[in-house]
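The structure appears right after this line, and notes come after that.
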Amino acid sequence: MKEYNPHEIEPRLQEAWAAADAYKVSDDGDRPKKYVLEMFPYPSGDIHMGHVSNYTYGDVIARYSTMRGFDVLHPMGWDAFGLPAENAAIKRNSHPAKWTYENIATQQASFQRMGFSYDWDRKVVACDPEYYRWGQWLFLKFWERGLVERKNSPVNWCPDCKTVLANEQVEEGTCWRCHSEVEKRDLTQWYFKITDYAQQLLDDLDQLDGWPERVKQQQANWIGRSEGAEVDFRVVPIADSASSAECQNDETITVFTTRADTLFGCSFFLLAPEYPGLEEFVAGAGHEAEVHELVEAAKKVSAVERAQGDREKHGVFTGRYVVNPVNGEQVPVWVADYVVADYGTGAVMAVPCGDQRDFEFARKYDLPIPPIILQDDDPLFERLNGQKDRVVTSVDWEAAMDAEGTLVQSGDYTGMQGGKHSEGEAAIVAALESAGAGRRKVEFRLRDWLISRQRYWGNPIPAIHCDHCGVVPVPEDQLPVLLPEDINLAAGETLATHEKFAACTCPKCGSPARRETDTMDTFTCSSWYYMRYTDPRNDSAPFASEKANTWLPVDQYIGGIEHAILHLLYSRFFTKVCRDMGLLDFDEPFTNLLCQGMVLDEKGDVMSKSKGNVVSPEDKIDEFGADVVRAYMLFLGPPEKEKLWNDKGLEGINKFLNRTWRVVHDLVGKAGDNTLFDPTADALNAHGKAMEMKRERHRVVGKVTADFDRYSFNTALAAIMELVNATSDFLRLREAEHRINCETGGPLCRDVAETIVKLLAPIAPHWAEELWQSALDHDDSVHKQPWPDFDPELAKADEVELAVQINGKVRAKITVAADAAEDDIRSAALAAAADHTAGKEVVKAIVIPSRLVNIVVK
RNA sequence: GGGGGUGUGGCGGAAUUGGCAGACGCAGCGGACUUAAAAUCCGCCUCCGAAAGGAAUCAGGGUUCGAGUCCCUGCACCCCUACCA
């Protein structure tokens, strides 16, 4: 027997697999299809444990699926555009492509060292023109469908990355990538109108039974659908504002509210500091200076500070009034820094008695807090119940009264129930609608996706600016718009200053024009790469629909929870647009989603260079080989949970694979040994152990299969260990030269050896292949073998031990035949527990077959 | 503030539908082999107790013949998100 030597086996088999195209998959195989996909990596350099974890899960699922009889598409590629490459290039005075392709080569070599079974013929690299060309093509198609928009608005600007960011890319007021503070700037930018799909993106979450609940919840929260109403407040002209004279003008300001039922409690009105036209609105009302001061102060408040929960609220009176449409009351208009400009209309009706924020603001600036919604146990309730007109103008509460209650001091609506979607709300909205002062409205929190970036290393937006024709799409036959290679980033050159790139002619009128010099957000690249894998070398379309519809949707998608919103939402959007274009015939790209937990150090801390606790996968492969690293990663715990890396545990798995290697060889050595049964006492024992091993073989295959199906790899591995332990028990007796009969001897040993090797094949592919070919003497690959069968009948023991409980406490054990009748079990249990039941009344005895008997006594 | 989740030995974790809590492994302890060590193999290993026995799945209550699992109350921790009107 050769010793287990991963350092010799692994490179040799990897070469053999590559030479044989072992993991290439054909589009027209006749087996059922399965698409197993892991999120493609950013080529950041050496791989880390997060990669090992993510891609090991994917590889095990892919290999297992193949053995279960599927044609498995399991591709790999790189999300290769993005800022780190550009920053590295600037630092080294080199080109982003160089850094990117070098890192891809490094990572690809590492993936091959890990033994991952990718179909490398389908490799997709997002910064290759053959890929990004079709990203541009999709952009043009989106544009044709009215889903591309260029507009000026306040946007998030990262001063470090020197580019704008999408809403989704701002985390607590900082850039998701470099965590610099994000600034607001007014810029004209390109958007994808993802909001057109807001409702579908929300509704179709219901289709995603195979997604973790929390991811769906996060997406639903991000889309943030609110049902409510728009309400128009007429603006009181400046000359009239002091008097109660009826105002004549038609100017209105509209608010969005989910609580129209509380309109009678509106005692002031708020505008965001960024409210469009604010300056004109306050002009001449006598408070221009204060308003200006507040607006300027609000601008200076950093996004980080803004994001930190309980900020003190600031506001200033504008000198103007608006009219509450439900009661004709004039209420003062204030500018307040807690009103956000880009939700709803940027204007808010303030109801201090029902909204904690408005309540605090009213307290601070001494504004009235009229009570209009009360619970029955409120001290005021008795007095105000049924009271239609306002007799109490302000209350002295500790906090606002949120949620539901009975409306009071609310005119004709007094006595109705108030609350979200309440009777009172419906009645007031209906009245506003018939008066033309309001309408039902559904508001979303989701904003349009800002996709333009002021950076070089991205996919150029295929548009041309012409003085005569405006913004014109680049004609399809002129794609791709190639990134110029001759650019000196270190010297500060950008696409915008790259004259040769920017200069062009207008495709419409032929006059000199300028090319768009923004590139697309890299998330556009990752929104459709899984489609490209189905037809990666197509040079006349992003993919052929038949191929995409054959393989997609992805049956199992695997990646980190950090993409719960960004990438997954954008990909769902792309899929729906492609469906509406007729390119795809399904609604959702990823049927099942597995979000794997982080790999942490043994204390549970995040691995980071600054902490010096990073465990390098390459080092561990050098030491133990890839199979040990893979198996240990799986053994650490459930995929979706965090995993604490511990080198001692890794050594434990190393011992296991070494021991099992020897066990398989031992079994093979006995496989030809068909000596007859020798009826000595020890031999009887050996026969018993053999039978036990046989039972374990069937039980464990059943258990491992079920565990693989639910991705419980740690328990699958534990079950395999149990089989190996039972086998060791048997072999130990064989070592003493006791014989078992030929019927159960040789063939059983061989069956168990092959079973163990097959069960471990997805987990430790090189280890298994080597044993399959050299120890078990096959000339094909274990990875092409069918998954082992099992017979549940053979997994059953002849006799089972049951616990006998008295009032729920285990007091005795009995051994009965596995198929014993319930009555027989009951009487055996009563007999065994006689000591404990003596002198007591047996109320009943509950028999749970093959588990326990519970005798209830008094 | 809103949402999602978790709580089991010294540690990672198991217990799939309510049915013998702690599978499997790590660490630890003891033993065999060895001149010795490593490797390997065997045994012990929740806590209290000498033992019989008792207690124990964050705390408290409930449902049930039976609860880690279901329900209620509270505590602790983690993740996401946030002046969203």
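Letters A, B, ... are given to chains in the order of the sequence lines, protein chains preceding strands, and every chain is numbered from 1.
Here salt bridge (charged side-chain N to carboxylate O under 4.0 Å, His left out) pairs that include residues 628-642 of chain A, with residues two or more places apart or in two chains, are D59(A)-R630(A). The salt bridge (charged side-chain N to carboxylate O under 4.0 Å, His left out) contacts involving residues 259-273 of chain A comprise R259(A)-D261(A), where partners must be two or more places apart or lie in separate chains. Sequence neighbours left out, not one pair with a member in residues 841-853 of chain A passes side-chain hydrogen bond (donor to acceptor under 3.5 Å, both in side chains).
By the salt bridge (Lys or Arg N to Asp or Glu O under 4.0 Å) test, R659(A) is found to be paired with no residue, residues two or more places apart in sequence or in another chain being considered. Not counting sequence neighbours, S827(A) has no partner by the side chain to side chain donor-acceptor pair (under 3.5 Å) test. Take E696(A) and apply the side chain to side chain donor-acceptor pair (under 3.5 Å) test, not counting sequence neighbours, and it matches R699(A). Legend: residues meeting salt bridge (Lys or Arg N to Asp or Glu O under 4.0 Å) with K420(A), ordered by chain and number and at least two apart, are absent. Listed by chain and residue number, R68(A) satisfy the salt bridge (Lys or Arg N to Asp or Glu O under 4.0 Å) test with D709(A) (two or more places apart in sequence, or in another chain). A search for salt bridge (Lys or Arg N to Asp or Glu O under 4.0 Å) contacts involving D209(A) returns nothing, not counting sequence neighbours.
Distance noted for atom C1' between U57(B) and A23(B): 15 Å (whole Å). When the C1' atom is used for both U46(B) and G68(B), the distance is 14 Å, rounded to whole Å. On the C1' atoms, U63(B) is 14 Å away from U69(B), given to the nearest whole Å.
One interatomic measurement links the two molecules: CZ of F444(A) to P of U81(B), which rounds to 21 Å at whole-angstrom precision. Rounded to an integer number of Å, the gap from NZ of K216(A) to C1' of U81(B) is 19 Å. Atom CZ in R225(A) sits about 13 Å away from atom P in A85(B), given to the nearest Å. Between L852(A) atom CG and C20(B) atom P the separation is 6 Å, expressed in whole Å. Atom pair N221(A):CG and G5(B):C1' shows a separation of 14 Å (rounding to whole Å applied). The distance from atom NZ of K420(A) to atom P of G1(B) is 17 Å, rounded to the nearest whole Å.
For A21(B), there is no paired nucleotide, since no Watson-Crick or G-U wobble pair has both relevant distances below 3.5 Å. As the counterpart of A52(B), no nucleotide is assigned, since no Watson-Crick or G-U wobble pattern has both distances under 3.5 Å. Checking U6(B) for Watson-Crick or G-U wobble geometry (two distances, each under 3.5 Å) identifies A76(B) as its partner. Using N1 to N3 plus N6-O4 or O6-N4 for Watson-Crick, or N1-O2 and O6-N3 for G-U wobble, each under 3.5 Å, G28(B) pairs with C44(B). G1(B): Watson-Crick or G-U partner is U81(B), with both key distances under 3.5 Å.
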Per-nucleotide protein contact along nucleotides 9-17 of chain B, 5' to 3', at a 4.0 Å heavy-atom cut-off (B base, S sugar-phosphate only, - neither), is ---BSSSB-

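Taking side-chain N and O atoms only, K655(A) has no distance below 4.0 Å to OP1 or OP2 of A39(B). For A55(B), one of the phosphate oxygens OP1 or OP2 lies less than 4.0 angstrom from a side-chain nitrogen or oxygen of K809(A). Using a 4.0 Å cut-off, no side-chain N or O of R811(A) falls inside it from OP1 or OP2 of C20(B).
Counting heavy atoms from C-beta outward, W645(A) and L650(A) have side chains that approach closer than 4.5 Å.
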Short N/O separations, protein against nucleotides 58-68 of chain B, under 3.5 angstrom:
from: C65(B); atom 1: O2'; to: N854(A); atom 2: ND2; distance (Å): 3.2
from: C65(B); atom 1: O2; to: N854(A); atom 2: ND2; distance (Å): 2.8

Would you tabulate the pairs of protein nitrogen or oxygen atoms and nucleotide nitrogen or oxygen atoms of nucleotides 41-49 of chain B closer than 3.5 angstrom?
from: C42(B); atom 1: OP1; to: R732(A); atom 2: NH2; distance (Å): 2.5

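Using a 3.5 Å distance cut-off with no hydrogens or angles, the side chains of N654(A) and Y4(A) do not pair a donor with an acceptor.
G9(B): glycosidic angle within 90° of 0, hence syn.
The listed nucleotides are A23(B), C83(B), G25(B); the one nearest the side chain of K313(A) is C83(B).
When each of F269(A), F361(A), F268(A) is paired with W334(A), the ring-ring contact (aromatic ring centres under 6.0 Å, His included) condition holds for F361(A) and for no other.
Contact detail for K796(A) and R695(A): the closest heavy-atom pair is O-CD, 3.3 Å.
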